[in-house]
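One structure is given here, and the rest of the page talks about it.
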Amino acid sequence: MTPLEELRHSGSHILATAILRLFPDAKLDIGPPTDTGFYYDIDLDHKLTAEDLVRIEAEMKKIADENQPFIRKEVSREEAAEIIKSRGQERYKLGRLADIPEGEKISFYQNGEFMDLCAGTHVRYTSKLKAFKLLSIAGAYHRGDERNKQLQRIYGTAFPTKDELAQHLERLEQAKLRDHRKLGKDLKLFVIDDDVGQGLILWTPAGSVIRQELQNFISEELRKQGYQQVFTPHIGKLSLYKTSGHFPYYKESQFTPLVENESLAKILHEGCSCAEMVARLDAVSGHFRSEINRRTGRDSIQEDRVKPDDLLLDGFLLKPMNCPHHIKIFASQPRSYRDLPVRLAEFGTVYRWEQSGELNGMTRVRGFTQDDAHLFCTEEQVGAEVQGCLSLVKIVLTTLGMADYRVRVGLRDPDSNKYTGDPANWDKAEAACRSAAQTLGVPFAEEPGEAAFYGPKIDFVVRDVIGREWQLGTVQVDYNLPIRFDLSYVGADNQPHRPVMIHRAPFGSMERFCGVLIEHFGGDFPVWLAPEQVRLVPVSDKAFDYGRSLLAQLKAAGARASFDEHSDKLGAKIRRAEIEKIPYTLVLGPKEAETQSVSVRSRARGDEGAAPFAGFLDRLSTEIRIRALPQKR
Ligand SMILES: [Zn+2]
Ligand SMILES: [Zn+2]
């Protein structure tokens with residue numbers, strides 16, 4: 001363990017010591033350090049409250065002040081079991097003891113009256129824990145398995161100094177204020193409704209503006225780079241995904257296939273069981289198997305999946321990926337080397353089955369729209385195309401003020417032979433990814449063994465304004481799908497050649513990316529993204545006519561504006577615009593009406609005073625056109 005992990009893990013032991021003093025019936029499970037702190041999972045009939053947390057923390061403080069040494073004790077497996085039983089902790093600890101492989105040392109760490117099965121290591125005295133805090137209580141299944149009992153997990157954190165702890169708590173506070181689930185609700189950006197389904201995002205009008213503006217922006221850049229826009233349906237036949245290999249291999253993360261009424265009626269009539277139906281859906285014909293195996297040159301589809309034709313059942317899959325649809329567009333006409341690269345882009349919606357415990361606001365969902373594209377190119381073009389993908393990412397992230405990002409380049413594991421494709425081509429593609437990453441001028445790490453079996457890839461990780469990292473999407477080189485779909489183009493030599501495919505969804509999905517952006521901006525979107533850009537606020541109803549004429553001019557200029565005609569006081573109107581985080585509020589009184597001016601209040605700069613309306617309109621239009629970031633004073 002690193003010294004920080006040692007400190008935090010010692011925090012777990014001190015937490016457990018305090019819990020047993022206050023709740024002697026508690027059954028302990030485990031208490032490891034985490035990236036940002038520590039936790040302990042306990043089984044306790046009493047449901048812990050925020051007040052309990054305060055008491056536990058006070059008790060921990062006492063234990064730290066008692067300056068107890070941490071003492072390591074190695075024991076035999078039998079002695080270990082005896083110690084656990086004598087302390088009444090057999091419910092979980094015996095299982096944890098059984099996890100320790102034969103031949104490995106078994107040790108306990110003791111501080112004061114408390115003793116815990118633990119490999120270590122620990123700080124020397126409890127008094128080392130000076131800067132710590134208990135943060136929250138959450139439910140956690142024993143061994144992370146929903147079939148097991150749900151335990152109570154107490155989270156805490158610890159730092160070497162009080163200053164570092166204070167900074168961390170400040171960041172947590174910031175993160176809470178920026179939480180996209182909270183802001184999404186307050187600003188009415190999106191809704192999740194249980195009647196529609198968990199993990200399925202309903203974009204409200206305000207949220208849809210943000211998404212549409214982002215899509216417009218990305219599409220503009222894609223057009224400049226020679227991409228062509230396509231649209232494809234949300235479902236595809238199961239046989240399509242059997243060809244691609246997405247089914248049944250990734251079945252666990254997909255929605256169950258759809259079977260249309262006629263086939264369903266037929267198999268019900270035959271008295272087919274559910275298990276048989278699943279097997280028939282998974283099955284392929286002998287011809288299909290030999291064709292795929294011929295293309296891939298190996299036993300990609302095994303014999304046991306073959307069934308006679310009359311027992312095959314084809315259904316539809318909610319698409320887990322857009323690639324097969326785009327491949328069919330590529331393959332729909334003969335292609336020559338002069339046509340390449342073909343770049344097909346789609347904001348394509350896909351569906352994946354995520355466990356309910358994994359779902360989280362917009363960032364972990366079951367249906368999402370990827371900023372997807374597939375490039376079909378020659379071997380020689382891979383480098384330039386990867387480079388193009390990265391330059392797009394750079395433009396978009398820079399425009400959004402997310403200049404702090406890094407990339408990870410996933411390469412082959414040099415000691416493995418699981419990879420598809422010619423090693424010489426791999427070398428070239430890896431070199432292309434590496435040099436593309438280099439030219440970005442941002443930190444990048446090479447990660448051997450992180451490539452997929454079908455090609456190397458590049459991932460993007462951005463750091464937001466409060467220092468948190470978010471994994472976005474990828475650029476992925478693929479030698480496999482062109483083989484499985486038997487794609488070809490005619491080369492300069494008049495012979496058929498295999499194209500290389502590049503999958504790229506650099507921002508991941510619109511859902512995830514918007515979730516990240518909500519937190520990044522804390523809801524204060526740049527004016528080009530803001531759902532409402534300008535709020536007109538009259539001082540009294542005498543300014544109504546003036547206000548309405550300005551509203552008409554703003555709308556004619558394409559701005560998203562509204563006029564607050566509520567009957568409440570000016571202060572209340574201004575406050576409402578602030579809560580709604582409208583970038584510009586224009587206050588209008590008789591003086592402004594007379595001089596065709598407005599009093600400008602901006603989110604970024606506060607009260608800016610009076611300005612001619614025409615000048616304001618110019619400035620607004622420019623900011624929108626150049627997609628300016630909020631300019632803080
Ligand atoms: Zn320990
Ligand atoms: Zn793809």
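FYI, the numbering just counts along the sequence from 1. Being a predicted model, the structure only gives us computed values, none of them experimental. Order of appearance sets the numbers: ligands from 1, and atoms from 1 within every ligand.
- The angle that Cys118 SG and His9 NE2 make at the Zn ion (ligand 1), rounded to 10°, works out to 120°.
- Side-chain atoms of Arg408 never come within 3.5 Å of backbone atoms of Ala445 as a donor-acceptor pair (strictly under, hydrogens ignored).
- Proximity of a side-chain donor or acceptor of Thr243 to a complementary backbone N or O of Ser239 within less than 3.5 Å is detected.
- Every residue was checked against the ring pair (Phe, Tyr, Trp, His ring centres under 6.0 Å) condition with Tyr454, not counting sequence neighbours, and none meets it.
- Atoms NE2 of His374 and ND1 of His503, as seen from the Zn ion (ligand 2), are separated by an angle of 100°, to the nearest 10°.
- Among the atoms of His326, no N, O or S atom is found under 2.8 Å from the Zn ion (ligand 2).
- His13 contributes NE2 as its N, O or S atom closest to the Zn ion (ligand 1).
- Atoms CZ and CD, from Phe347 and Gln212 in turn, are 8.5 Å apart once rounded to the nearest 0.5 Å.
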